[in-house]
Amino acid sequence: MRVRHEPTDGGSTILASRVDLADSILSQTRGLMFRRSIPDDYALAFRFDAAETRDVHMLFVFFPIDVVWIVDDVVERVERLPPWRGFERAEADTILEFPAGTATGVESGDRVILEDG
């Protein structure tokens, strides 16, 4: 699995080539909590059945991350969250969490696609 970014002005780049899918209630609840770091080419992906307002918190996350909220492969919001005290929410059917700096240049309206294979 990998994450591809397609800006509205064209082109395509790979944001992450190592992707974990948080596909259970436990893995979604835990997220990145208690990890000390993540690799530069890593993303944690949360897929949901429908777009709804989704929260991301940073309690027990020891490092900053970039979070991208997506609906139908289109970016709704991008935020860098600080460790421990960050909290944000937005509408999404997919949320991607990356090492801080990975989503620099990703903007609302861009396409970000979680690709299998």
Side-chain angles (χ1 to χ4, degrees):
M1 201 175 276
R2 66 185 188 169
V3 178
R4 185 167 38 94
H5 172 222
E6 296 177 350
T8 56
D9 60 0
S12 176
T13 58
I14 300 300
L15 296 178
S17 57
R18 297 170 51 181
V19 179
D20 284 337
L21 187 59
D23 56 359
S24 69
I25 296 296
L26 180 60
S27 63
Q28 289 175 358
T29 301
R30 183 168 185 225
L32 295 173
M33 290 192 312
F34 308 111
R35 296 188 197 189
R36 295 294 178 175
S37 65
I38 53 177
D40 290 339
D41 62 341
Y42 178 83
L44 181 59
F46 301 79
R47 286 182 172 164
F48 304 98
D49 292 332
E52 293 181 16
T53 300
R54 311 273 178 194
D55 300 339
V56 174
H57 71 82
M58 295 294 288
L59 189 62
F60 295 108
V61 179
F62 296 94
F63 48 89
I65 63 172
D66 288 350
V67 182
V68 180
W69 287 262
I70 301 164
V71 175
D72 296 329
D73 295 333
V74 177
V75 175
E76 294 292 314
R77 184 173 185 184
V78 180
E79 292 291 336
R80 179 156 307 146
L81 299 182
W84 286 94
R85 55 187 162 80
F87 176 85
E88 295 293 338
R89 67 171 42 133
E91 187 174 355
D93 60 18
T94 303
I95 295 175
L96 297 172
E97 298 179 349
F98 300 99
T102 302
T104 300
V106 177
E107 299 178 357
S108 295
D110 289 354
R111 290 175 48 84
V112 172
I113 302 159
L114 187 58
E115 300 176 327
D116 293 322

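Bear in mind the structure is a predicted one, so any value in this text is a computation, not a measurement. This chain uses plain numbering: 1 for the first residue, then up along the sequence.
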Straight-line distance of [X] [atom1] to [Y] [atom2], nearest 0.5 Å:
| X | Y | atom1 | atom2 | answer |
| --- | --- | --- | --- | --- |
| R47 | L114 | CZ | CG | 4.5 Å |
| I95 | R77 | CD1 | CZ | 11.0 Å |
| L44 | R35 | CG | CZ | 6.0 Å |
| M58 | L32 | CE | CG | 7.5 Å |
| E107 | H5 | CD | NE2 | 7.5 Å |
| F34 | F62 | CZ | CZ | 7.0 Å |

Original post:
On the ring face of F48, is R54 found with NZ or CZ under 6.0 Å from the centre and within 45° of the axis?
Top reply: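 Relative to the ring axis of F48, which defines the angle, R54 lies inside both limits.
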**OP:** With side chain to side chain contact (heavy atoms under 4.5 Å, CB included) as the test, would you mind laying out the steps for F98 and I65 before giving the verdict?
**Re:** CA-CA 6 Å; F98 300 99; I65 63 172; over 6 Å; no
Original post:
If you count the non-hydrogen atoms of other residues, nucleotides and ligands that lie under 6.0 Å from CG in D23, is the total more than 12?
Top reply: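 More than 12 heavy atoms, drawn from other residues, nucleotides or ligands, come within 6.0 Å of this atom.
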**OP:** State, with a plain yes or no, whether a side-chain heavy atom of V56 is found less than 4.5 Å away from one of E88.
**Re:**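 A side-chain contact under 4.5 Å is absent here.
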Original post:
Is it true that a side-chain atom of D55 and a backbone atom of R89 form a donor plus acceptor pair closer than 3.5 Å?
Top reply: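 Flag not set: sc D55 to bb R89 has no pair under 3.5 Å.
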Original post:
Which residue pairs pass the side-chain hydrogen bond (donor to acceptor under 3.5 Å, both in side chains) test when at least one of the two sits in residues 90-106, sequence neighbours left out?
Top reply: R80-T104
For residues 7-18, run the donor-acceptor check on the side chains, cut-off 3.5 Å, and write out each pair with its distance to 0.1 Å, sequence neighbours left out.
residue: S17; atom: OG; partner: D41; partner atom: OD2; Å: 3.1

